[in-house]
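Numbers here simply count residues along the sequence, with the first being 1. For clarity, every value in this text was computed on a predicted model and none was experimentally measured. Just so you know, ligand 1 is whichever comes first in the structure, and atom 1 is the first atom listed for that ligand. Only this structure's heavy atoms are used, side chains among them; waters, hydrogens and symmetry mates stay out.
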Amino acid sequence: MLIDGFGRRINYIRVSVTERCNFRCQYCMPEKPFSWVPKENLLSFEELFLFLKVGIDEGVDKIRITGGEPLLRADLDRFIKMINDYKSDIDIAITTNGYLLKETAKRLKDAGLKRLNISLDSLKPEVAKQIAQKDVLHNVLEGIEESLEIGLKVKINSVPLKGINDDEIVDLLEYSKKRGVQIRFIEYMENVHANKNLKGLYGKEIVDEVRKKYIVKKVGREGSSPAFLYELEDGYRFGIIDPHKHDFCESCNRIRLTAEGHIIPCLYFDEAMSIADAVKKGDVEAASEVLREVIKNKPEKNRWDENLNQEDISARAFYETGG
Ligand code: SAM
Ligand code: SF4
């Protein structure tokens, strides 16, 4: 079992399979030209899987595949199948921008994928284009419909930004509610790679928007999920992911593995250790040692704060850690 220095049990690995992306979201990598291809020293699926097995043998039961855009990595279904064949009760999920889902969802499900989080920041084509810097909405909506049709469990992720999509909070909630899908609004996390002019909404501001139309009841945090849940009168639940709140990190149960083999104990900080050499040599013992060391040194909490100073802005790139 993996327990960190603050007594938190780590049972969740988020694995980023590439830094590449077919979007250029304002809050993630707005300044990279579309022609930019990161010089990634990617680990193979076999190498990533060797590390995941070490985690699974130590009690990890939840794995989320992310990126960059994970669906850009060919054969992703093969990776999912490897995990599923090793232990079929692992909760395998993907976080995706949804653009390529229409063509890939069925293959991913057949390989053992259970759940998908799909990012959807706007229902207006022009606003979606402004955020992703590409005309994306049609494909994303098609991807959501296809995933639901074939029976995948879907959640929607949405980042409200002042003056851009903050007038769509209720529309996005109603779009999700109509489809029986949970929406989670994520507070914009300041980072040096994002568009400098962005301003996010704090959780309480997002809930206030919903309260303009609905009676909203607080439910609470669901297990180790980062989302704080709220409920409408008809029982529909939505979530707020609020890393600027002080209690956010108390039940953190996760570590992140990048496509190049760095294990990152906290989304905010730069600290990381590499398992690349270990897995390339097939050295399970060495990979296991690095994993234990990272978990021993996992920070107690992030430093996002409502009164964030300029020098405290995180240098970690979301397209590298996978969010
Ligand atoms: N490309 C995929 C996607 O967009 O869903 C997966 C990777 S993306 C880095 C994972 C999640 O992080 C997305 O839901 C995205 O909206 C969120 N994200 C990226 N940058 C963020 C930021 N600065 N603040 C809050 N959420 C962010
Ligand atoms: Fe790509 Fe996701 Fe980053 Fe947007 S948030 S640029 S879709 S990795």
Side-chain angles (χ1 to χ4, degrees), residues 14-34 36-38 40 64-73 76 93-101 104 108 115-122 127-137 139-140 143-144 147 154-162 164-166 172 176 182-203 206 226-227 239-245 248 254 256-259 264 267-268 302 304 308 313-323:
R14 294 177 67 101
V15 48
S16 166
V17 292
T18 180
E19 288 182 20
R20 280 189 299 143
C21 191
N22 44 357
F23 289 15
R24 289 291 179 269
C25 299
Q26 299 288 349
Y27 43 65
C28 185
M29 51 163 110
E31 280 163 17
K32 304 271 186 213
F34 272 99
W36 174 75
V37 181
E40 293 177 295
R64 176 172 297 276
I65 299 167
T66 174
E69 176 46 41
L71 302 190
L72 287 181
R73 188 131 178 206
L76 193 62
I94 291 185
T95 297
T96 169
N97 63 30
Y99 193 83
L100 297 171
L101 258 183
T104 49
L108 298 172
R115 299 190 300 109
L116 275 169
N117 284 15
I118 306 173
S119 301
L120 177 70
D121 294 325
S122 175
V127 178
K129 186 174 176 182
Q130 183 188 353
I131 296 173
Q133 303 193 75
K134 174 168 157 176
D135 192 6
V136 296
L137 186 63
N139 278 39
V140 175
I144 294 175
S147 306
V154 172
K155 283 184 184 163
I156 302 287
N157 285 348
S158 200
V159 182
L161 300 166
K162 283 199 174 141
I164 299 179
N165 62 349
D166 52 345
L172 286 160
S176 309
Q182 187 182 103
I183 185 164
R184 291 129 44 100
F185 295 103
I186 307 175
E187 286 180 347
Y188 163 60
M189 287 169 251
E190 297 80 1
N191 67 91
V192 298
H193 308 274
N195 178 330
K196 309 280 169 291
N197 301 318
L198 290 187
K199 197 130 185 37
L201 271 75
Y202 293 123
I206 299 167
I240 302 279
I241 298 186
D242 49 4
H244 296 82
K245 268 256 179 80
F248 181 78
R254 65 203 58 194
R256 292 168 170 81
L257 172 64
T258 72
I264 297 173
L267 187 56
Y268 178 97
N302 72 47
W304 278 294
L308 196 75
I313 290 184
S314 172
R316 267 261 168 249
F318 274 72
Y319 58 83
E320 182 194 9
T321 58

Practice task
Could you tell me whether some N/O pair between T66 and ligand 1 is separated by less than 3.5 angstrom?
Solution key: no
Handout entry: Contacts of K199 that satisfy salt bridge (Lys or Arg N to Asp or Glu O under 4.0 Å) - sequence neighbours left out
Key = none
Handout entry: Where ligand 1 meets G68 - atom numbers and elements under 4.0 angstrom, heavy-atom basis
Key = 1 (N), 2 (C), 6 (C), 7 (C)
Problem - Nearest-contact summary for atom 11 (C) of ligand 1 - protein heavy atom, Å - result: T95 CG2, 4.2 Å
Handout entry: Check: R256/S16 side-chain N/O donor and acceptor closer than 3.5 Å
Key = no
Exercise for the section: Mind listing the protein N/O/S atoms less than 2.8 Å away from atom 4 (Fe) of ligand 2? Waters don't count. Expected result: C25 SG
Practice task
State, with a plain yes or no, whether a side-chain heavy atom of L137 is found less than 4.5 Å away from one of S122.
Solution key: no
Practice task
For A194 and ligand 1, answer yes if some heavy atom of the residue is under 4.0 Å from a ligand atom, otherwise no.
Solution key: no
Completion exercise
Of all protein heavy atoms, the one nearest atom 10 (C) of ligand 1 is G322 O, 3.5 Å
Practice task
Would you indicate whether the side-chain heavy atoms of I131 and V136 approach each other to under 4.5 Å?
Solution key: no
Handout entry: Partner set under ring pair (Phe, Tyr, Trp, His ring centres under 6.0 Å) for F185, not counting sequence neighbours
Key = none
Exercise for the section: Could you tell me the separation between the CG atom of N165 and the CG atom of L120, rounded to the nearest 0.5 Å? Expected result: 9.5 Å
Exercise for the section: Please could you name the atoms of ligand 1 that M189 approaches to less than 4.0 Å, counting only its heavy atoms? Expected result: 22 (C), 23 (N), 24 (N), 25 (C)
Completion exercise
shortest atom 9 (C) of ligand 1-to-protein heavy-atom contact is with F318 O, 3.4 Å
Handout entry: Contact check: S119 vs ligand 1, nitrogen or oxygen atoms, below 3.5 angstrom
Key = yes
Fill in the blank from the handout: Per-atom filter on ligand 1: closer than 4.0 angstrom to a heavy atom of N191 are 23 (N)
Handout entry: Note, I118 side chain near L101 side chain (heavy atom, < 4.5 Å)
Key = yes
Exercise for the section: Show the numbers, then the answer: is there a side chain to side chain contact (heavy atoms under 4.5 Å, CB included) between Q26 and I164? Expected result: CA-CA 11 Å; Q26 299 288 349; I164 299 179; 5.6 Å; no
Practice task
Determine whether any heavy atom of E187 lies closer than 4.0 Å to an atom of ligand 1.
Solution key: yes
Completion exercise
Within 4.0 Å of some non-hydrogen atom of V159, the atoms of ligand 1 are 16 (O), 26 (N)
Practice task
Find out whether Q133 and K32 are in side-chain contact, i.e. whether some heavy atom of one side chain is under 4.5 Å from a heavy atom of the other.
Solution key: no
Practice task
Examine Y188 against ligand 1 and note whether any of their N/O atoms are separated by less than 3.5 Å.
Solution key: no
Exercise for the section: State whether any protein heavy atom lies less than 4.0 Å from atom 17 (C) of ligand 1. Expected result: no
Exercise for the section: Report, in ascending order of atom number, the atoms of ligand 1 lying under 4.0 Å from any heavy atom of E69. Expected result: 1 (N), 2 (C)
Practice task
Number the atoms of ligand 1 from 1 as they appear, then name those within less than 4.0 Å of a heavy atom of N97, with their elements.
Solution key: 2 (C), 3 (C), 5 (O)
Problem - Note, S119 side chain near N157 side chain (heavy atom, < 4.5 Å) - result: yes
Handout entry: Results of ring pair (Phe, Tyr, Trp, His ring centres under 6.0 Å) for F23 - residues two or more places apart only
Key = Y99
Handout entry: Short side-chain to backbone donor-acceptor contact, R24 and E31, under 3.5 Å
Key = no
Problem - Heavy-atom check, side chain of T104 versus side chain of T96, under 4.5 Å - result: no
Practice task
May I ask you to check if ligand 1 and N117 share an N or O to N or O distance below 3.5 Å?
Solution key: no
Exercise for the section: Verify whether one side chain among N22 and E69 offers a donor that lies under 3.5 Å from an acceptor in the other. Expected result: no
